[in-house]
Protein chains: 2
Amino acid sequence: MRHLCMPQGLAADEIPKLEALVCTARTVKRGSTLYRSGEPFSNLYAVRTGSLKTVLTHRDGREQVTGIHLAGEALGLDGIGEDTHTCHAVALEDSSVCIMPYDALKALCRESGSVQQRLHKLMGEQIVRETSHMMLLGSLNAEERVATFLLDVSERHAKRGYSPSKFHLRMTREEMGSYLGMSLETVSRMLSRFQKRGIIEMEGKLIRIADFAALRSM
Amino acid sequence: MRHLCMPQGLAADEIPKLEALVCTARTVKRGSTLYRSGEPFSNLYAVRTGSLKTVLTHRDGREQVTGIHLAGEALGLDGIGEDTHTCHAVALEDSSVCIMPYDALKALCRESGSVQQRLHKLMGEQIVRETSHMMLLGSLNAEERVATFLLDVSERHAKRGYSPSKFHLRMTREEMGSYLGMSLETVSRMLSRFQKRGIIEMEGKLIRIADFAALRSM
DNA sequence: CGCCCGATTGATAACGCTCAAGGCAAGTGG
DNA sequence: CCACTTGCCTTGAGCGTTATCAATCGGGCG
(Lines give C-alpha, C1' and ligand atoms only; values in the text may rest on other atoms or scores of the structure.)
Protein backbone atom coordinates (compact mmCIF):
# COMPACT_ATOMS: atom_id res chain seq x y z
CA MET A 1 0.00 0.00 0.00
CA ARG A 2 2.95 2.32 0.36
CA HIS A 3 2.70 3.34 -3.25
CA LEU A 4 -0.66 4.98 -2.70
CA CYS A 5 -1.56 8.57 -2.19
CA MET A 6 -3.09 8.46 1.23
CA PRO A 7 -0.40 7.23 3.63
CA GLN A 8 2.28 9.75 2.69
CA GLY A 9 3.48 11.68 5.68
CA LEU A 10 1.77 9.52 8.27
CA ALA A 11 3.43 8.22 11.39
CA ALA A 12 4.10 4.48 11.30
CA ASP A 13 1.55 3.70 13.96
CA GLU A 14 -1.21 5.40 12.04
CA ILE A 15 -0.91 3.46 8.87
CA PRO A 16 -2.61 0.37 10.30
CA LYS A 17 -5.63 2.46 11.22
CA LEU A 18 -5.80 3.72 7.70
CA GLU A 19 -5.37 0.25 6.29
CA ALA A 20 -8.31 -0.97 8.31
CA LEU A 21 -10.29 1.79 6.71
CA VAL A 22 -9.40 1.30 3.10
CA CYS A 23 -9.41 -2.46 3.05
CA THR A 24 -12.01 -2.67 0.31
CA ALA A 25 -11.12 -2.40 -3.31
CA ARG A 26 -13.01 -2.36 -6.54
CA THR A 27 -12.25 -2.95 -10.17
CA VAL A 28 -13.60 -0.75 -12.94
CA LYS A 29 -13.57 -2.01 -16.50
CA ARG A 30 -12.48 0.24 -19.33
CA GLY A 31 -15.32 2.53 -20.26
CA SER A 32 -17.48 1.82 -17.23
CA THR A 33 -18.18 4.37 -14.54
CA LEU A 34 -17.01 4.34 -10.94
CA TYR A 35 -19.60 6.94 -9.99
CA ARG A 36 -21.99 9.26 -11.76
CA SER A 37 -22.95 12.88 -11.41
CA GLY A 38 -25.90 13.19 -9.07
CA GLU A 39 -25.15 10.09 -7.07
CA PRO A 40 -24.87 10.56 -3.32
CA PHE A 41 -21.31 10.99 -2.20
CA SER A 42 -19.97 8.53 0.33
CA ASN A 43 -16.49 7.43 -0.67
CA LEU A 44 -13.20 8.84 -1.73
CA TYR A 45 -11.03 6.67 -3.93
CA ALA A 46 -7.37 6.12 -4.62
CA VAL A 47 -6.47 4.79 -8.02
CA ARG A 48 -4.53 1.58 -7.47
CA THR A 49 -3.92 0.49 -11.05
CA GLY A 50 -5.00 1.94 -14.36
CA SER A 51 -6.43 5.41 -14.89
CA LEU A 52 -9.74 7.24 -14.99
CA LYS A 53 -11.17 10.47 -16.30
CA THR A 54 -13.73 12.73 -14.68
CA VAL A 55 -16.34 14.24 -16.96
CA LEU A 56 -18.69 17.15 -16.42
CA THR A 57 -21.91 17.28 -18.45
CA HIS A 58 -23.51 20.56 -19.40
CA ARG A 59 -27.30 20.71 -19.38
CA ASP A 60 -27.32 20.84 -23.20
CA GLY A 61 -25.35 17.60 -23.33
CA ARG A 62 -21.89 18.93 -24.06
CA GLU A 63 -19.24 17.08 -22.12
CA GLN A 64 -15.92 18.27 -20.80
CA VAL A 65 -13.18 16.11 -19.32
CA THR A 66 -12.20 17.91 -16.12
CA GLY A 67 -9.54 15.57 -14.82
CA ILE A 68 -7.25 12.65 -15.55
CA HIS A 69 -6.41 10.40 -12.62
CA LEU A 70 -3.42 8.08 -12.85
CA ALA A 71 -2.37 5.26 -10.56
CA GLY A 72 -1.60 6.52 -7.08
CA GLU A 73 -3.79 9.59 -7.35
CA ALA A 74 -6.95 10.52 -5.51
CA LEU A 75 -10.44 10.61 -6.94
CA GLY A 76 -13.88 11.62 -5.81
CA LEU A 77 -13.18 14.94 -4.11
CA ASP A 78 -15.81 16.56 -6.30
CA GLY A 79 -18.47 15.08 -4.03
CA ILE A 80 -17.41 16.71 -0.77
CA GLY A 81 -18.82 20.13 -1.51
CA GLU A 82 -22.45 19.20 -1.95
CA ASP A 83 -22.63 15.63 -0.63
CA THR A 84 -23.32 14.59 -4.19
CA HIS A 85 -20.98 13.76 -7.00
CA THR A 86 -20.93 16.53 -9.57
CA CYS A 87 -19.21 14.62 -12.35
CA HIS A 88 -18.82 11.13 -13.73
CA ALA A 89 -15.71 9.06 -13.18
CA VAL A 90 -15.00 6.72 -16.10
CA ALA A 91 -12.15 4.24 -16.44
CA LEU A 92 -9.77 4.89 -19.35
CA GLU A 93 -8.55 1.29 -19.08
CA ASP A 94 -9.28 -1.66 -16.84
CA SER A 95 -8.49 -0.21 -13.44
CA SER A 96 -8.77 -0.84 -9.74
CA VAL A 97 -9.36 1.62 -6.93
CA CYS A 98 -9.22 1.59 -3.14
CA ILE A 99 -12.41 2.70 -1.48
CA MET A 100 -12.14 5.06 1.46
CA PRO A 101 -15.48 5.68 3.19
CA TYR A 102 -15.60 9.41 3.75
CA ASP A 103 -17.38 9.29 7.10
CA ALA A 104 -14.81 6.92 8.52
CA LEU A 105 -12.05 9.08 7.12
CA LYS A 106 -13.54 12.15 8.74
CA ALA A 107 -13.68 10.35 12.06
CA LEU A 108 -10.07 9.27 11.69
CA CYS A 109 -9.11 12.87 10.97
CA ARG A 110 -10.35 13.85 14.40
CA GLU A 111 -8.14 11.28 16.04
CA SER A 112 -5.06 11.84 13.99
CA GLY A 113 -3.65 15.21 12.99
CA SER A 114 -1.52 13.68 10.29
CA VAL A 115 -4.49 11.97 8.63
CA GLN A 116 -6.30 15.30 8.77
CA GLN A 117 -3.26 17.01 7.32
CA ARG A 118 -3.08 14.46 4.53
CA LEU A 119 -6.72 14.86 3.57
CA HIS A 120 -6.46 18.63 3.55
CA LYS A 121 -3.37 18.37 1.41
CA LEU A 122 -5.17 16.18 -1.11
CA MET A 123 -7.98 18.69 -1.41
CA GLY A 124 -5.58 21.61 -1.55
CA GLU A 125 -3.56 19.98 -4.28
CA GLN A 126 -6.70 19.39 -6.28
CA ILE A 127 -7.53 23.09 -5.98
CA VAL A 128 -4.06 24.06 -7.18
CA ARG A 129 -4.16 21.60 -10.06
CA GLU A 130 -7.48 22.98 -11.16
CA THR A 131 -6.40 26.61 -11.06
CA SER A 132 -3.37 25.84 -13.15
CA HIS A 133 -5.60 24.01 -15.60
CA MET A 134 -7.79 27.11 -15.73
CA MET A 135 -4.69 29.05 -16.72
CA LEU A 136 -3.99 26.51 -19.44
CA LEU A 137 -7.54 26.77 -20.78
CA GLY A 138 -7.74 30.52 -20.51
CA SER A 139 -4.33 31.70 -21.64
CA LEU A 140 -2.38 29.11 -23.64
CA ASN A 141 -2.62 28.37 -27.35
CA ALA A 142 -3.09 24.88 -28.75
CA GLU A 143 0.59 24.10 -29.06
CA GLU A 144 1.33 25.22 -25.53
CA ARG A 145 -1.59 23.23 -24.17
CA VAL A 146 -0.47 19.96 -25.69
CA ALA A 147 3.15 20.54 -24.65
CA THR A 148 2.08 21.34 -21.09
CA PHE A 149 -0.10 18.28 -20.99
CA LEU A 150 2.68 15.95 -22.12
CA LEU A 151 5.04 17.37 -19.50
CA ASP A 152 2.38 17.04 -16.83
CA VAL A 153 1.69 13.39 -17.60
CA SER A 154 5.41 12.73 -17.80
CA GLU A 155 6.01 14.23 -14.39
CA ARG A 156 3.19 12.30 -12.80
CA HIS A 157 4.54 9.06 -14.25
CA ALA A 158 7.97 9.89 -12.89
CA LYS A 159 6.55 10.55 -9.44
CA ARG A 160 5.30 6.98 -9.36
CA GLY A 161 8.60 5.55 -10.51
CA TYR A 162 7.73 5.02 -14.15
CA SER A 163 9.67 6.35 -17.08
CA PRO A 164 9.08 10.07 -17.57
CA SER A 165 10.08 9.88 -21.22
CA LYS A 166 8.05 6.95 -22.49
CA PHE A 167 4.42 6.26 -21.66
CA HIS A 168 1.06 5.24 -22.94
CA LEU A 169 -1.66 7.85 -23.24
CA ARG A 170 -4.68 5.79 -22.34
CA MET A 171 -7.25 8.24 -23.65
CA THR A 172 -8.42 8.99 -27.17
CA ARG A 173 -7.52 12.16 -29.02
CA GLU A 174 -11.06 13.30 -28.42
CA GLU A 175 -10.72 12.91 -24.66
CA MET A 176 -7.40 14.75 -24.72
CA GLY A 177 -9.01 17.48 -26.74
CA SER A 178 -11.90 17.76 -24.36
CA TYR A 179 -9.54 18.00 -21.41
CA LEU A 180 -7.45 20.64 -23.19
CA GLY A 181 -10.35 22.64 -24.56
CA MET A 182 -9.77 21.95 -28.24
CA SER A 183 -10.90 19.64 -31.03
CA LEU A 184 -9.47 16.19 -31.51
CA GLU A 185 -8.12 17.22 -34.91
CA THR A 186 -6.07 20.02 -33.41
CA VAL A 187 -4.62 17.63 -30.83
CA SER A 188 -3.62 15.29 -33.62
CA ARG A 189 -2.06 18.12 -35.60
CA MET A 190 -0.02 19.33 -32.67
CA LEU A 191 1.29 15.85 -31.92
CA SER A 192 2.20 15.41 -35.57
CA ARG A 193 3.94 18.77 -35.52
CA PHE A 194 5.99 17.77 -32.47
CA GLN A 195 6.94 14.53 -34.13
CA LYS A 196 7.95 16.25 -37.34
CA ARG A 197 10.23 18.52 -35.32
CA GLY A 198 11.78 15.58 -33.54
CA ILE A 199 10.44 16.62 -30.14
CA ILE A 200 8.52 13.41 -29.61
CA GLU A 201 8.21 9.99 -31.17
CA MET A 202 4.73 8.62 -31.41
CA GLU A 203 3.14 5.35 -32.29
CA GLY A 204 -0.56 5.68 -31.74
CA LYS A 205 -0.99 6.27 -28.04
CA LEU A 206 2.58 5.39 -27.15
CA ILE A 207 4.60 8.54 -26.64
CA ARG A 208 8.31 9.00 -26.24
CA ILE A 209 9.53 12.45 -25.35
CA ALA A 210 12.82 13.08 -27.12
CA ASP A 211 13.35 16.75 -26.28
CA PHE A 212 12.05 17.92 -22.93
CA ALA A 213 13.66 21.31 -23.27
CA ALA A 214 11.72 22.03 -26.44
CA LEU A 215 8.44 21.18 -24.75
CA ARG A 216 9.29 23.26 -21.72
CA SER A 217 10.23 26.29 -23.77
CA MET A 218 6.74 26.62 -25.25
CA MET B 1 -20.83 37.68 11.95
CA ARG B 2 -23.76 35.56 10.90
CA HIS B 3 -23.55 36.83 7.36
CA LEU B 4 -20.17 35.21 6.87
CA CYS B 5 -19.24 31.98 5.23
CA MET B 6 -17.69 30.11 8.08
CA PRO B 7 -20.39 29.72 10.74
CA GLN B 8 -23.06 28.20 8.52
CA GLY B 9 -24.23 24.89 9.86
CA LEU B 10 -22.53 25.17 13.21
CA ALA B 11 -24.19 24.42 16.51
CA ALA B 12 -24.88 27.51 18.60
CA ASP B 13 -22.32 26.63 21.22
CA GLU B 14 -19.55 26.36 18.67
CA ILE B 15 -19.90 29.77 17.20
CA PRO B 16 -18.20 31.48 20.13
CA LYS B 17 -15.16 29.25 19.68
CA LEU B 18 -15.00 30.25 16.09
CA GLU B 19 -15.44 33.88 16.95
CA ALA B 20 -12.48 33.73 19.29
CA LEU B 21 -10.50 32.42 16.40
CA VAL B 22 -11.40 34.90 13.73
CA CYS B 23 -11.40 38.02 15.84
CA THR B 24 -8.80 39.78 13.74
CA ALA B 25 -9.68 41.62 10.61
CA ARG B 26 -7.80 43.47 7.95
CA THR B 27 -8.58 46.03 5.32
CA VAL B 28 -7.23 45.86 1.79
CA LYS B 29 -7.27 48.92 -0.40
CA ARG B 30 -8.37 48.72 -3.99
CA GLY B 31 -5.54 47.37 -6.09
CA SER B 32 -3.38 46.22 -3.21
CA THR B 33 -2.66 42.60 -2.47
CA LEU B 34 -3.81 40.53 0.48
CA TYR B 35 -1.22 37.86 -0.25
CA ARG B 36 1.16 37.01 -3.04
CA SER B 37 2.12 33.84 -4.82
CA GLY B 38 5.09 32.24 -3.10
CA GLU B 39 4.32 33.63 0.32
CA PRO B 40 4.06 31.08 3.12
CA PHE B 41 0.50 30.08 3.79
CA SER B 42 -0.81 30.62 7.27
CA ASN B 43 -4.31 32.09 7.09
CA LEU B 44 -7.60 31.54 5.44
CA TYR B 45 -9.77 34.59 4.87
CA ALA B 46 -13.43 35.41 4.65
CA VAL B 47 -14.34 38.47 2.62
CA ARG B 48 -16.26 40.77 4.94
CA THR B 49 -16.91 43.71 2.64
CA GLY B 50 -15.85 44.43 -0.90
CA SER B 51 -14.41 41.91 -3.34
CA LEU B 52 -11.10 40.49 -4.47
CA LYS B 53 -9.68 38.60 -7.41
CA THR B 54 -7.11 35.83 -7.38
CA VAL B 55 -4.50 35.91 -10.13
CA LEU B 56 -2.16 33.22 -11.36
CA THR B 57 1.05 34.32 -13.10
CA HIS B 58 2.65 32.17 -15.78
CA ARG B 59 6.46 32.06 -15.87
CA ASP B 60 6.43 34.14 -19.05
CA GLY B 61 4.46 36.86 -17.31
CA ARG B 62 0.99 36.17 -18.66
CA GLU B 63 -1.64 36.57 -16.01
CA GLN B 64 -4.97 34.83 -15.58
CA VAL B 65 -7.70 35.74 -13.14
CA THR B 66 -8.64 32.43 -11.54
CA GLY B 67 -11.29 33.58 -9.12
CA ILE B 68 -13.59 36.39 -8.04
CA HIS B 69 -14.44 36.52 -4.34
CA LEU B 70 -17.42 38.54 -3.18
CA ALA B 71 -18.48 39.53 0.31
CA GLY B 72 -19.22 36.49 2.41
CA GLU B 73 -17.03 34.14 0.41
CA ALA B 74 -13.85 32.32 1.39
CA LEU B 75 -10.38 33.10 0.16
CA GLY B 76 -6.93 31.62 0.48
CA LEU B 77 -7.63 27.94 -0.01
CA ASP B 78 -5.00 27.87 -2.75
CA GLY B 79 -2.33 27.78 -0.06
CA ILE B 80 -3.38 24.58 1.68
CA GLY B 81 -1.97 22.20 -0.89
CA GLU B 82 1.66 23.22 -0.72
CA ASP B 83 1.84 25.38 2.41
CA THR B 84 2.52 28.27 0.09
CA HIS B 85 0.16 30.58 -1.73
CA THR B 86 0.10 29.79 -5.41
CA CYS B 87 -1.63 32.94 -6.60
CA HIS B 88 -2.03 36.60 -5.72
CA ALA B 89 -5.13 37.97 -4.06
CA VAL B 90 -5.85 41.56 -5.10
CA ALA B 91 -8.70 43.78 -3.95
CA LEU B 92 -11.09 44.92 -6.69
CA GLU B 93 -12.31 47.71 -4.40
CA ASP B 94 -11.59 48.82 -0.86
CA SER B 95 -12.35 45.68 1.08
CA SER B 96 -12.05 44.05 4.46
CA VAL B 97 -11.46 40.43 5.35
CA CYS B 98 -11.58 38.27 8.46
CA ILE B 99 -8.39 36.43 9.18
CA MET B 100 -8.65 32.79 10.23
CA PRO B 101 -5.31 31.29 11.27
CA TYR B 102 -5.17 27.92 9.58
CA ASP B 103 -3.37 26.09 12.40
CA ALA B 104 -5.95 27.20 14.92
CA LEU B 105 -8.72 26.24 12.54
CA LYS B 106 -7.22 22.80 12.09
CA ALA B 107 -7.08 22.35 15.84
CA LEU B 108 -10.69 23.44 16.16
CA CYS B 109 -11.64 20.90 13.51
CA ARG B 110 -10.38 18.13 15.74
CA GLU B 111 -12.58 19.29 18.57
CA SER B 112 -15.67 19.99 16.57
CA GLY B 113 -17.07 17.83 13.84
CA SER B 114 -19.21 20.61 12.50
CA VAL B 115 -16.27 22.97 12.12
CA GLN B 116 -14.45 20.19 10.31
CA GLN B 117 -17.50 19.63 8.15
CA ARG B 118 -17.67 23.31 7.36
CA LEU B 119 -14.04 23.55 6.33
CA HIS B 120 -14.31 20.48 4.13
CA LYS B 121 -17.40 21.91 2.55
CA LEU B 122 -15.62 25.17 1.74
CA MET B 123 -12.81 23.30 0.05
CA GLY B 124 -15.20 20.98 -1.74
CA GLU B 125 -17.24 23.89 -3.02
CA GLN B 126 -14.11 25.54 -4.33
CA ILE B 127 -13.28 22.34 -6.22
CA VAL B 128 -16.76 22.22 -7.74
CA ARG B 129 -16.66 25.89 -8.69
CA GLU B 130 -13.35 25.40 -10.39
CA THR B 131 -14.43 22.38 -12.39
CA SER B 132 -17.47 24.20 -13.64
CA HIS B 133 -15.26 27.12 -14.61
CA MET B 134 -13.07 24.67 -16.51
CA MET B 135 -16.17 23.65 -18.41
CA LEU B 136 -16.88 27.28 -19.18
CA LEU B 137 -13.33 27.87 -20.44
CA GLY B 138 -13.13 24.65 -22.37
CA SER B 139 -16.54 24.34 -23.96
CA LEU B 140 -18.50 27.59 -24.10
CA ASN B 141 -18.26 30.33 -26.69
CA ALA B 142 -17.80 33.99 -25.86
CA GLU B 143 -21.49 34.79 -25.65
CA GLU B 144 -22.21 31.83 -23.40
CA ARG B 145 -19.29 32.69 -21.14
CA VAL B 146 -20.43 36.24 -20.51
CA ALA B 147 -24.04 35.14 -19.99
CA THR B 148 -22.97 32.44 -17.54
CA PHE B 149 -20.78 34.90 -15.70
CA LEU B 150 -23.56 37.44 -15.28
CA LEU B 151 -25.91 34.77 -13.95
CA ASP B 152 -23.25 33.50 -11.57
CA VAL B 153 -22.57 36.92 -10.13
CA SER B 154 -26.28 37.57 -9.90
CA GLU B 155 -26.87 34.38 -7.97
CA ARG B 156 -24.03 35.05 -5.57
CA HIS B 157 -25.39 38.53 -4.90
CA ALA B 158 -28.80 37.05 -4.26
CA LYS B 159 -27.38 34.53 -1.81
CA ARG B 160 -26.13 37.43 0.30
CA GLY B 161 -29.44 39.25 0.19
CA TYR B 162 -28.59 41.79 -2.48
CA SER B 163 -30.54 42.37 -5.64
CA PRO B 164 -29.94 39.63 -8.19
CA SER B 165 -30.95 41.88 -11.05
CA LYS B 166 -28.92 45.00 -10.42
CA PHE B 167 -25.31 45.08 -9.34
CA HIS B 168 -21.95 46.67 -9.80
CA LEU B 169 -19.22 44.72 -11.53
CA ARG B 170 -16.20 45.90 -9.62
CA MET B 171 -13.65 44.66 -12.11
CA THR B 172 -12.50 46.13 -15.42
CA ARG B 173 -13.39 44.58 -18.77
CA GLU B 174 -9.85 43.32 -18.92
CA GLU B 175 -10.18 41.45 -15.64
CA MET B 176 -13.49 39.96 -16.74
CA GLY B 177 -11.87 38.91 -19.97
CA SER B 178 -8.97 37.31 -18.19
CA TYR B 179 -11.32 35.40 -15.91
CA LEU B 180 -13.42 34.26 -18.87
CA GLY B 181 -10.52 33.45 -21.16
CA MET B 182 -11.15 36.14 -23.73
CA SER B 183 -10.03 39.63 -24.70
CA LEU B 184 -11.45 42.75 -23.11
CA GLU B 185 -12.80 43.84 -26.49
CA THR B 186 -14.85 40.69 -26.86
CA VAL B 187 -16.28 41.15 -23.38
CA SER B 188 -17.30 44.65 -24.32
CA ARG B 189 -18.86 43.48 -27.58
CA MET B 190 -20.88 40.77 -25.87
CA LEU B 191 -22.20 43.18 -23.24
CA SER B 192 -23.13 45.63 -25.98
CA ARG B 193 -24.87 42.85 -27.86
CA PHE B 194 -26.89 41.89 -24.79
CA GLN B 195 -27.85 45.50 -24.29
CA LYS B 196 -28.87 45.91 -27.90
CA ARG B 197 -31.14 42.88 -27.54
CA GLY B 198 -32.69 44.27 -24.39
CA ILE B 199 -31.34 41.47 -22.22
CA ILE B 200 -29.42 43.80 -19.95
CA GLU B 201 -29.13 47.50 -19.26
CA MET B 202 -25.67 48.79 -18.68
CA GLU B 203 -24.06 51.97 -17.52
CA GLY B 204 -20.36 51.37 -17.27
CA LYS B 205 -19.93 48.78 -14.57
CA LEU B 206 -23.48 48.99 -13.35
CA ILE B 207 -25.50 46.09 -14.72
CA ARG B 208 -29.21 45.47 -14.66
CA ILE B 209 -30.42 42.14 -15.92
CA ALA B 210 -33.72 42.61 -17.72
CA ASP B 211 -34.24 39.14 -19.15
CA PHE B 212 -32.91 36.27 -17.07
CA ALA B 213 -34.53 33.67 -19.30
CA ALA B 214 -32.61 34.93 -22.32
CA LEU B 215 -29.32 34.66 -20.45
CA ARG B 216 -30.15 31.21 -19.16
CA SER B 217 -31.10 29.91 -22.57
CA MET B 218 -27.63 30.51 -23.98
C1' DC C 1 -13.32 -10.97 -43.93
C1' DG C 2 -15.79 -6.96 -43.15
C1' DC C 3 -16.99 -3.49 -39.96
C1' DC C 4 -16.27 0.14 -36.87
C1' DC C 5 -13.69 3.10 -34.11
C1' DG C 6 -9.97 6.08 -33.84
C1' DA C 7 -6.34 8.76 -36.03
C1' DT C 8 -4.49 11.62 -39.62
C1' DT C 9 -4.55 15.14 -43.00
C1' DG C 10 -6.50 18.63 -46.05
C1' DA C 11 -9.75 22.42 -47.35
C1' DT C 12 -12.69 25.89 -45.85
C1' DA C 13 -14.86 28.98 -42.81
C1' DA C 14 -15.84 31.25 -38.54
C1' DC C 15 -14.99 33.00 -34.19
C1' DG C 16 -12.47 35.78 -31.58
C1' DC C 17 -7.84 38.34 -31.31
C1' DT C 18 -5.08 42.22 -32.46
C1' DC C 19 -4.45 46.71 -33.82
C1' DA C 20 -6.23 51.18 -34.07
C1' DA C 21 -9.01 55.25 -33.34
C1' DG C 22 -12.10 57.81 -30.66
C1' DG C 23 -14.91 58.98 -26.56
C1' DC C 24 -15.98 59.65 -21.82
C1' DA C 25 -15.09 60.46 -16.96
C1' DA C 26 -12.19 61.36 -13.22
C1' DG C 27 -8.10 63.21 -11.49
C1' DT C 28 -4.13 66.71 -11.70
C1' DG C 29 -1.77 70.88 -12.12
C1' DG C 30 -1.28 75.45 -13.69
C1' DC D 1 -11.66 77.02 -13.57
C1' DC D 2 -9.91 75.06 -17.49
C1' DA D 3 -6.46 72.44 -20.10
C1' DC D 4 -4.31 68.22 -19.93
C1' DT D 5 -3.45 63.59 -18.71
C1' DT D 6 -4.75 59.05 -17.73
C1' DG D 7 -7.44 54.94 -17.46
C1' DC D 8 -11.18 52.49 -19.19
C1' DC D 9 -14.61 51.45 -22.56
C1' DT D 10 -16.49 51.04 -27.20
C1' DT D 11 -16.45 50.11 -31.99
C1' DG D 12 -14.47 48.97 -36.48
C1' DA D 13 -11.35 46.50 -39.80
C1' DG D 14 -8.44 42.80 -40.92
C1' DC D 15 -6.27 38.72 -39.86
C1' DG D 16 -4.99 34.31 -37.67
C1' DT D 17 -5.84 30.35 -35.03
C1' DT D 18 -8.59 26.81 -34.53
C1' DA D 19 -13.17 24.53 -35.47
C1' DT D 20 -15.72 22.07 -38.76
C1' DC D 21 -16.46 19.10 -42.53
C1' DA D 22 -14.76 15.50 -45.27
C1' DA D 23 -11.92 11.81 -47.10
C1' DT D 24 -8.72 8.22 -46.19
C1' DC D 25 -6.29 4.90 -43.64
C1' DG D 26 -5.17 1.39 -40.20
C1' DG D 27 -6.06 -1.79 -36.51
C1' DG D 28 -8.83 -4.48 -33.53
C1' DC D 29 -12.75 -7.30 -32.96
C1' DG D 30 -16.78 -9.82 -33.92
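If you're wondering where the values come from, they're calculated on a predicted model, not measured in any experiment. A, B, ... follow the sequence lines: proteins, then strands. Residue 1 opens every chain.
Between the side chain of R145(B) and the backbone N or O of L140(B) there is at least one donor-acceptor pair closer than 3.5 Å. Between the side chain of S217(A) and the backbone N or O of A214(A), at least one donor-acceptor pair lies under 3.5 Å. Of the possible donor and acceptor atoms, one in the side chain of R160(A) sits under 3.5 Å from a partner among the backbone N and O of G72(A). Side-chain atoms of E73(B) come within 3.5 Å of backbone N or O of L70(B) as a donor-acceptor pair.
Separating the CG atom of L184(B) from the C1' atom of dC19(C) is a distance of 12 Å, rounded to the nearest angstrom. E143(B) places its CD atom 14 Å from the P atom of dC17(C), with the value rounded to the nearest Å. Following rounding to the nearest Å, L92(B) (CG) and dC8(D) (P) show an atom-to-atom distance of 12 Å. Between the C1' atom of dA7(C) and the CD1 atom of I207(A) lies a distance of 12 Å, rounded to the nearest Å. Note: CG (L140(B)) to P (dG16(C)) measures 11 Å, nearest angstrom. For the pair M218(A) CE and dT17(D) P, the computed distance is 15 Å after rounding to whole Å. If you take CE of M182(B) and P of dT18(C), they are 13 Å apart, rounded to a whole angstrom. Taking atom CE of residue M190(B) and atom P of nucleotide dC9(D), one finds them 16 Å apart after rounding to whole Å.
No engagement by G177(A) is indicated, since no non-hydrogen atom pair under 4.0 Å with the nucleic acid exists. Across all strands shown, T172(B) has heavy atoms under 4.0 Å from sugar-phosphate atoms exclusively, and none from any base.
Nearest-nucleotide assignment on DNA chain C puts the 5′-proximal partner with R193(B), out of E185(B) and R193(B).
For dA7(C), one of the phosphate oxygens OP1 or OP2 lies less than 4.0 angstrom from a side-chain nitrogen or oxygen of K205(A). For S188(B) and dT11(D), the shortest distance from a side-chain N or O to OP1 or OP2 is not below 4.0 Å. For the pair T186(B) and dC17(C), the criterion of a side-chain N or O lying under 4.0 Å from OP1 or OP2 is met. Side-chain N/O atoms of S192(B) include one lying less than 4.0 angstrom from OP1 or OP2 on dT11(D). Here R173(B) reaches the OP1 or OP2 of dT10(D): one of its side-chain N or O atoms lies under 4.0 Å away.
With hydrogens and angles ignored, a donor-acceptor pair closer than 3.5 Å exists between the side chain of R189(A) and the base of dG10(C).
Here dT10(D) is the nucleotide among dT10(D), dT20(D), dC17(C) with the atom lying nearest to any side-chain atom of M202(B).
The residue from T57(B), T66(B), D78(B), T54(B) that alone fulfils the side chain to side chain donor-acceptor pair (under 3.5 Å) condition with H88(B) is T57(B).
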